[in-house]
Amino acid sequence: MRKAQLCRTTRETDIALSLCLDGGEISISTGVGFFDHMLTALAVHAGFGLVLTCKGDLEVDCHHTIEDVGIVLGQAMAQAADRAGIARYGSAMIPMDEALALCALDVSGRPYLVFDCEFSGDRIGEMDTQMVEEFFRAFAFNAGITLHCRILSGKNDHHKAEALFKALAHALSAALKETGGVALSTKGVL
């Protein structure tokens, strides 16, 4: 089983995370309801086991909680995935009602983010919409992946964000499929 367990404590957040890329229990509690919903969708659609608790300084706002969870989840994915034995590339286009989102990624060890996504409002529930990009950036850079995200259409911010998280999940599921231990690279290593 491809697993990682991490704990990270700062003055702003206290995070405990257990990740299994091959499935398992899903339990998420960050104190930010919409973010919990998005992380649950990510785990379910990627086929991950994910147990995560975060106690953050939500009296300030949700920024530190969401960014720090992205950091720790990215680090856990980098630890759990054997880059030498995976498909490496993944992409998915996911509809949710009127919304359509695309994620394409390369689990290469070279972090980069292209985020071409717009939201019409400032918040979805208690989550700032600008924090969607902050999560994707923190995750991509700490997981060591190149990640391209686009919201192709949509009017409802909840639908757009959820389609985006589910597209990331399906792209990760494809990229992390085991291939038998050969690095898919002309260099011979990732």
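Tracing side-chain contacts under 4.5 Å through hydrophobic residues (I, L, V, M, F, W, Y), one reaches Val72 starting from Leu113; they form part of the same cluster.
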*Where do Asp57 and Val60 land on the side chain to side chain contact (heavy atoms under 4.5 Å, CB included) test, with the steps shown first?*
CA-CA 6 Å; Asp57 58 355; Val60 175; 3.8 Å; yes
*Working for salt bridge (Lys or Arg N to Asp or Glu O under 4.0 Å), residues Lys55 and Asp14*: CA-CA 5 Å; Lys55 292 182 178 144; Asp14 185 6; over 6 Å; no
*Kindly indicate, with the supporting measurements, whether the criterion side-chain hydrogen bond (donor to acceptor under 3.5 Å, both in side chains) is fulfilled by Glu134 and His63.*
CA-CA 8 Å; Glu134 292 300 318; His63 187 107; 4.6 Å; no
*asked:* Evaluate Val107 against Arg83 for side chain to side chain contact (heavy atoms under 4.5 Å, CB included), listing each step before the verdict.
replied: CA-CA 7 Å; Val107 183; Arg83 293 182 201 278; 3.1 Å; yes
*Run the side chain to side chain contact (heavy atoms under 4.5 Å, CB included) check on His170 and Ile94 step by step: do they pass?*
CA-CA 9 Å; His170 284 272; Ile94 299 293; 3.8 Å; yes
*Could you go step by step and tell me if Gln130 and Glu133 meet the side chain to side chain contact (heavy atoms under 4.5 Å, CB included) rule?*
CA-CA 6 Å; Gln130 63 185 330; Glu133 181 174 0; over 6 Å; no
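In this structure, Val51 and Ile26 have side chains that are not in contact, with every pair of non-hydrogen atoms separated by 4.5 Å or more. Side-chain contact check for Cys62 versus Met131: some heavy-atom pair is nearer than 4.5 Å. By the 4.5 Å heavy-atom criterion applied to side chains, Ile71 and Asp68 are counted as neighbours. Side chains of Phe139 and Ile145 form a contact here, defined as non-hydrogen atoms less than 4.5 Å apart. Within the 4.5 Å cutoff, the side chain of Ile15 has no heavy atoms near those of the Thr9 side chain. At least one side-chain heavy atom of Arg150 sits less than 4.5 Å from a side-chain heavy atom of Val114. Considering only heavy atoms from C-beta on, Leu52 stays 4.5 Å or farther from Ser27 through its side chain. Considering only heavy atoms from C-beta on, Leu21 stays 4.5 Å or farther from Lys3 through its side chain.
With hydrogens and angles ignored, the 3.5 Å screen pairs no side-chain donor or acceptor of Glu25 with any backbone N or O of Gly49. Side chain of Glu98 to main chain of Ser153: no donor-acceptor pair is present (N/O by atom type, distance under 3.5 Å, no hydrogens or angles). Asp157 places a side-chain N or O within 3.5 Å of a backbone atom of Ser120 that can act as its donor or acceptor partner. Thr146 places a side-chain N or O within donor-acceptor distance of the main-chain N or O of Arg110, the cut-off being under 3.5 Å. Not a single donor-acceptor pair under 3.5 Å links the side chain of Ser29 to the backbone N or O of Thr53.
Among all heavy-atom pairs drawn from His64 and Thr13, the shortest one is O-CG2, 3.6 Å. Nearest heavy atom pair, residue Met77 against residue Leu172, reads SD-CD2, 3.6 Å. In terms of heavy-atom proximity, Ala174 sits nearest to Ala87 at O-CB, 3.4 Å. Taking both residues in full, the closest heavy atoms of Asn142 and Ala138 are given as ND2-O, 2.8 Å, listed atom of the first, atom of the second, then distance. The two atoms that bring Leu164 and Cys117 nearest to each other are CD2-SG, 3.9 Å, heavy atoms only. Scanning both residues, Ala140 and Pro111, for their nearest heavy atoms gives O-CB, 3.8 Å.
Here the CZ atom belonging to Phe48 is positioned 5.0 Å from the CG atom belonging to Leu176, to the nearest 0.5 angstrom. Residue Ile151 holds its CD1 atom at 9.0 Å from CG of Asp116, rounded to the nearest 0.5 Å. To the nearest 0.5 Å, atoms NE2 (His159) and NZ (Lys166) are separated by 9.5 Å. In this structure, CZ on Phe115 lies 8.5 Å from CZ on Arg137, to the nearest 0.5 angstrom. Between atom OG of residue Ser91 and atom CG of residue Leu147 there is a gap of 11.5 Å, rounded to the nearest 0.5 Å. To the nearest 0.5 Å, atoms CZ (Arg8) and CG (Leu17) are separated by 12.0 Å.
Side-chain rings of Phe34 and His158 approach one another, their centers coming within less than 6.0 Å. Taking the six-membered ring for Trp, Phe165 and Phe136 have ring centres closer than 6.0 Å.
Crowding of Glu126 atom CD: a count of heavy atoms from other residues, nucleotides or ligands under 6.0 Å exceeding 12. Heavy-atom neighbours of Glu12 CD from other residues, nucleotides or ligands within 6.0 Å: above the threshold of 12.
Qualifying side-chain contact (heavy atoms from CB on, under 4.5 Å) partners for Gln79, counting only residues two or more places apart in sequence or in other chains: Ala4, Leu6.
Hydrophobic clustering, defined by side-chain heavy atoms of Ile, Leu, Val, Met, Phe, Trp and Tyr closer than 4.5 Å, groups Met93 together with Leu100, Leu102, Leu152.
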Show me the donor-acceptor pairs, under 3.5 Å and distance only, between side chains in residues 35-43 and residues at least two apart or in other chains.
| residue | atom | partner | partner atom | Å |
| --- | --- | --- | --- | --- |
| Asp36 | OD1 | Thr30 | N | 3.0 |
| Asp36 | OD1 | Thr30 | OG1 | 2.5 |
| Asp36 | OD2 | Thr30 | N | 3.4 |
| His37 | NE2 | Glu162 | OE1 | 3.2 |
| Thr40 | OG1 | Asp36 | O | 2.8 |

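Salt bridge status for Asp106 with Arg88: present, with a side-chain N to carboxylate O gap under 4.0 Å.
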